[in-house]
> 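Okay, here's the structure, questions in a sec.
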Amino acid sequence: MEALTAYAMILPALAVLLTFAYWPAINVVWISLTDRLLLRPFANFVGLENYARLLHDERFWNSVWNTVRYVLMSVPLEVGLALAIAVALARPLRGVGFFRTAFFLPVVTSLVAVAMVWEWIYHPSLGLLNALLAPLGVSPVRWLGDPTWAMPALVLLTVWKGTGYYMVIYLAGILDIPEEYYEAARIDGAGRWHIFRHVTWPLLSPTTYLILVLQAINSFQVFASVYTMTGGGPLGSTEVVVFYLYERAFKSFEFGYASAISVVLFVFLLLLTGAQRIFIGRRVIYDR
Amino acid sequence: MTAESRVSSRRPPTAPERRMARIISVVLGCAAFLWLFPFVWALIASFKPEDEVLSRVWALPSRLAWENYAGALEGLTYARSLANSLGVSTLVAVLQCATGTLAAYAFARMRFPGRGLLFTLFLATLMIPGSVTLTANFLTLSKFNWIDTYAALIIPDMAGGFAIFLLRQFFLTLPKELEEAARLDGAGHLRFLWHIALPLSKPALATVFAFVFIANYNEFLWPLIMTSSEELRTVQVALSTFDSQVGVNWGELMAAAVLTMLPSIVLFSFMQRAFIRGITRSGLK
């Protein structure tokens, strides 16, 4: 009886998750093995043909490279800043609440909305950034229109938008470290840097691993900022994997091919999640 | 441990420590100012008359140009989009609380065969990113004839691994004695859940509601491909088409951006504690 009630209580959630999470995760693999087009209801099984085509698709590899560039630029910046701010905020300080809110506000606002604001900041003639640089003698840069600068511009927006989230996780991790560790270090005459280097940083390493993986998983799926700000341009310099996937599926309607891109991305993200499990396993070393 | 309790356990700061604290405050203050600047700038610009937006970048508006907001709401049936987003996100958040409560309670407080396996299955959905299942979900929804309907925006999102996980963690902390007392009074699981567990879990439900609402409200890719008619568009999708359609009136665009950001900022300011708790609980442990 209890078991039946329990199953009934689980059923609504289970039905939704099976239909819209599990089934598509399996189905996408099947679709990737067909030549499915959106507007054609039937599809032929083509085996690994889509994957073979991916191997030689320069646009795909360009999108992979762009995504990797994006991740390599944004992840260290965000983690470093989040840690620095969290360490600074974890001390007795007037207005801690205000600072926390200030850094966290971009996290809760939508990427599309803040992208609109930043598009204006980056505007070549009307924008804030060039207005700030002009007195320094820098001639106006077309931030989003220049293949060299478009990606760094997206990264800057990402760092501004996301740092607060990781700051909160770091802050929780820092406040979890028992005060006795710090006292012991101080009694040993350790300075501020030594305490950070030998107490805070090692004790935070599980948090750092977690954040690195969380953020990498998020960053590999960057889409909204690219879609609204650059449309993948200029000259494909910001065309990232999910944007390319979107173009294949919903612009040229090649669902089979787009699904192959999805599967490759999926496998990669699963490997990252697996890495997270291994790293989280390391928590044990520091468990108290 | 809170920041406050740590402070009290410390000896009074020495002079160099006080100087250091002051330096850190100043640096943090500058950083916080930079962080808030885009918001402030957008807010100011949203009140500037059209000619001043472009010509007087650094100046305050000479008068409050409410016509920007009127124009933003009018253009692109923006008010409709805003209402769509608020309605859909509220409904999704309520539904996730409901499905989440039922499932989480069963996982936390009831015994049944396959419990561990099913829970692992639920948790594993957190590893399936939406961007990866896009094509397959699109085909499912077109089979259901749900493309470009409210159903497409609501039903696939009415249960979530995060809500279930967070609520289960909470239900696990309810003392066993409470349940036993209820049982002695003849209450079954459902009555215990409704009369005792639910009233106690208001903070947890508030956290889940705030999280799901804000995540759903800010969602972009999904509503972008699921809706095509103007009446169904969410505010994020409407905003993304703004500059291409109006031929950029920056004052109006900033007004639209401010309006779009407002609901999540308001909700966040009311539920800041709940929100931060949600991140630290789900992110860390």
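A note on names: the letters A, B, ... follow the listed sequences, proteins ahead of strands, and every chain is numbered from 1.
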> Side chain, backbone, both or neither: which part of A:Phe250 has a heavy atom under 4.5 Å from chain B?
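Side chain only.
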> Would you confirm whether A:Thr163, through its side chain, and A:Trp160, through its main-chain N or O, come within 3.5 Å as a donor-acceptor pair?
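Here the side-chain-to-backbone pair does not exist.
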> Could you have a look at B:Gly114, B:Gly100, B:Ala215, B:Ala124 and say which one has the most heavy-atom pairs with chain A under 4.5 angstrom?
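So the answer, after comparing B:Gly114, B:Gly100, B:Ala215, B:Ala124, is B:Ala124.
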> Just by modelled atom types, is the B:Phe107 backbone N or O under 3.5 Å from a matching donor or acceptor in the B:Arg115 side chain?
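Yes; judged by distance alone, with no hydrogens or angles, the pair exists.
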> Please identify, among B:Pro38, B:Ala106, B:Ala103, B:Ala42, the residue contributing the most non-hydrogen atom pairs under 4.5 Å to chain A.
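Ranked by contacts with chain A, first place is B:Pro38.
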> Output every pair passing salt bridge (Lys or Arg N to Asp or Glu O under 4.0 Å) with a member in residues 101-111 of chain B, not counting sequence neighbours, ordered by first then second residue.
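Listed once each, the pairs are B:Arg109-B:Glu179.
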> Which answer fits A:Val112, side chain, backbone, both or neither, if we ask what part of it has an atom under 4.5 Å from a heavy atom of chain B?
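Contact with chain B involves both backbone and side-chain atoms of A:Val112.
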> Under a 4.5 Å heavy-atom cut-off, does chain A meet the side chain of B:Ile214, its backbone, both or neither?
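Side chain only.
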> Measuring heavy-atom distances to chain A, does B:Leu95 have an atom under 4.5 Å in its side chain, in its backbone, in both, or in neither?
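Contact with chain A: none, neither part.
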> So, for A:Met9 and B:Leu102, which heavy atoms are closest and what is the spacing to 0.1 Å?
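Residues A:Met9 and B:Leu102, closest heavy atoms: O-CB, 3.3 Å.
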> Relative to chain B, which segment of A:Ser125 carries a heavy atom at a distance below 4.5 Å: side chain, backbone, both, or neither?
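The answer is neither part of A:Ser125.
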> Please flag which part of B:Phe144 lies under 4.5 Å from any non-hydrogen atom of chain A: side chain, backbone, both or neither.
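When you check distances to chain A, only side chain atoms of B:Phe144 fall under 4.5 Å.
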> Which pair of non-hydrogen atoms, one from A:Pro135 and one from A:Ala131, has the smallest distance, and what is that distance?
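Smallest heavy-atom distance, with atoms named: CD-O, 3.2 Å.
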> B:Thr140 side chain to B:Ala136 main-chain N or O, any donor-acceptor pair under 3.5 Å?
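Checked: pair present.
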> Under a 4.5 Å heavy-atom cut-off, does chain B meet the side chain of A:Ile211, its backbone, both or neither?
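For A:Ile211, neither part sits under 4.5 Å from chain B.
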> Check each atom of B:Ala104 against the heavy atoms of chain A and say whether the ones under 4.5 Å are side chain, backbone, both or neither.
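Contact with chain A: none, neither part.
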> I need the single residue from A:Leu144, A:Leu157, A:Val114 that forms a side chain to side chain contact (heavy atoms under 4.5 Å, CB included) with A:Glu119. Which is it?
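Only one of A:Leu144, A:Leu157, A:Val114 forms a side chain to side chain contact (heavy atoms under 4.5 Å, CB included) with A:Glu119, namely A:Leu144.
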> Hey, does the side chain of A:Trp118 reach the backbone of A:Ser225 with a donor-acceptor pair shorter than 3.5 angstrom?
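No; judged by distance alone, with no hydrogens or angles, the pair does not exist.
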> B:Pro263 versus chain A, heavy atoms under 4.5 Å apart: side chain, backbone, both or neither?
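No part of it gets close to chain A.
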> Would a distance-only check, ignoring hydrogens and angles, find a side-chain to backbone donor-acceptor pair under 3.5 Å from B:Ser85 to B:Val235?
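Yes.
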> Establish, from distance only, whether the side-chain atoms of A:Arg248 and A:Tyr244 form a donor-acceptor pair under 3.5 Å.
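Looking only at side-chain atoms, A:Tyr244 and A:Arg248 do form a donor-acceptor pair, the distance falling under 3.5 Å.
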> Using the six-membered ring wherever Trp is involved, compare the ring planes of A:Tyr246 and A:Phe243 and label them parallel, tilted or perpendicular (cut-offs 30° and 60°).
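Ring orientation, 0 to 90° scale: tilted.
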> Side chain, backbone, both or neither: which part of A:Val117 has an atom under 4.5 Å from a heavy atom of chain B?
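The answer is both parts of A:Val117.
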> In terms of heavy-atom pairs under 4.5 Å with chain A, which of B:Ala45, B:Pro156, B:Ala256 leads?
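That would be B:Pro156.
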> Keeping the roles fixed (side chain from A:Lys161, backbone from A:Thr109), state whether a donor-acceptor pair exists under 3.5 Å.
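Flag set: sc A:Lys161 to bb A:Thr109 pair under 3.5 Å.
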> Would you please say whether a donor-acceptor pair under 3.5 Å links the side chains of B:Thr135 and A:Ser259?
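There is such a pair (donor and acceptor under 3.5 Å, judged by atom type) between the side chains of B:Thr135 and A:Ser259.
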> Which atoms of B:Phe37 are under 4.5 Å from chain A, going by heavy atoms: the side chain, the backbone, both sets, or neither?
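Side chain only.
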> In terms of heavy-atom proximity below 4.5 Å to chain B, should A:Leu81 be classed as side chain, backbone, both, or neither?
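Interface part for A:Leu81: side chain.
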> Checking A:Ser219 now: which residues fulfil side chain to side chain donor-acceptor pair (under 3.5 Å) with it, not counting sequence neighbours?
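Counting only residues at least two positions away or on another chain, A:Ser219 forms no side chain to side chain donor-acceptor pair (under 3.5 Å).
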> Heavy-atom distances under 4.5 Å only: say whether B:Phe33 touches chain A with side chain, backbone, both or neither.
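Contact with chain A: none, neither part.
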> Please evaluate residues A:Tyr170 and A:Tyr165 with respect to the criterion side-chain contact (heavy atoms from CB on, under 4.5 Å), reporting the C-alpha separation (whole Å), side-chain torsions for both, the decisive distance (0.1 Å), and the verdict.
CA-CA 9 Å; A:Tyr170 261 136; A:Tyr165 185 85; over 6 Å; no
> Given a strict heavy-atom distance threshold of 4.5 Å, which part of B:Ala98 is in contact with chain A: side chain, backbone, both, or neither?
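Contact with chain A: none, neither part.
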> Got a sec, which residues hit side chain to side chain donor-acceptor pair (under 3.5 Å) with B:Thr133, two or more places apart in sequence or on another chain?
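None.
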> Go through the atoms of B:Leu262 and report whether side chain, backbone, both or neither lie under 4.5 Å from a heavy atom of chain A.
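For B:Leu262, no heavy atom lies under 4.5 Å from chain A.
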> Less than 4.5 Å to any heavy atom of chain A: does that hold for the side chain of B:Leu43, its backbone, both, or neither?
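Neither part; nothing is under 4.5 Å.
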> Which bit of B:Ile155 comes within less than 4.5 Å of chain A, counting heavy atoms only: side chain, backbone, both or neither?
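Both parts, heavy atoms under 4.5 Å.
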> Answer yes or no: are there more than 12 heavy-atom neighbours, outside A:Phe253 itself, under 6.0 Å from its atom CZ?
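Atom CZ in A:Phe253 is packed in, count exceeds 12.
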> Counting only heavy atoms closer than 4.5 Å, note whether A:Phe223 contacts chain B via side chain, backbone, both or neither.
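Only the side chain of A:Phe223 comes within 4.5 Å of chain B.
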> Where is the tightest heavy-atom contact between B:Pro129 and A:Phe266, given as atom of each residue plus distance?
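Closest pair (atom of B:Pro129, atom of A:Phe266, distance): CD-CE1, 3.9 Å.
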> Looking at A:Thr101, A:Leu17, A:Leu265, A:Val168, which has the largest count of heavy-atom pairs under 4.5 Å with chain B?
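Looking at each of A:Thr101, A:Leu17, A:Leu265, A:Val168 in turn, A:Leu17 comes out on top.
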> Taking 4.5 Å as the heavy-atom cut-off, does anything in residues 26-34 of chain A contact chain B, and if so which residues?
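Answer by number: A:Asn27, A:Val28, A:Ile31.
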> By a 4.5 Å heavy-atom criterion (distance strictly below it), what part of A:Ile121 contacts chain B: side chain, backbone, both, or neither?
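For A:Ile121, backbone and side chain are both near chain B.
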> Mind checking whether B:Phe122 and B:Phe165 have ring centres under 6.0 Å apart?
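No; B:Phe165 has its ring centre 6.0 Å or more from that of B:Phe122.
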> What residue, out of A:Ala258, A:Ala249, A:Pro106, has the most heavy-atom pairs lying under 4.5 Å from chain B?
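So the answer, after comparing A:Ala258, A:Ala249, A:Pro106, is A:Pro106.
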> Need one label for B:Leu28: side chain, backbone, both or neither, based on atoms under 4.5 Å from any heavy atom in chain A.
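For B:Leu28, backbone and side chain are both near chain A.
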> Does any heavy atom of chain A fall under 4.5 Å from the side chain of B:Ser25, the backbone, both, or neither of them?
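Contact with chain A is through both the backbone and side chain of B:Ser25.
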> When only pairs under 4.5 Å are counted, which of A:Leu171, A:Leu14, A:Leu270 shares the most heavy-atom pairs with chain B?
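Maximum pair count with chain B is reached by A:Leu14.
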> Tell me, side chain or backbone of B:Gln236 under 4.5 Å from chain A's heavy atoms, or both, or neither?
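Answer is both: backbone and side chain atoms of B:Gln236 are under 4.5 Å from chain A.
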> Please look at A:Leu38 and chain B and tell me whether the side chain, the backbone, both or neither of the residue comes under 4.5 angstrom of a heavy atom of that chain.
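For A:Leu38, side-chain heavy atoms alone lie under 4.5 Å from chain B.
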> If we ignore hydrogens and angles and just use 3.5 Å, is the side chain of A:Glu183 paired with the main-chain N or O of A:Glu179 as donor and acceptor?
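Such a contact is absent between A:Glu183 side chain and A:Glu179 backbone.
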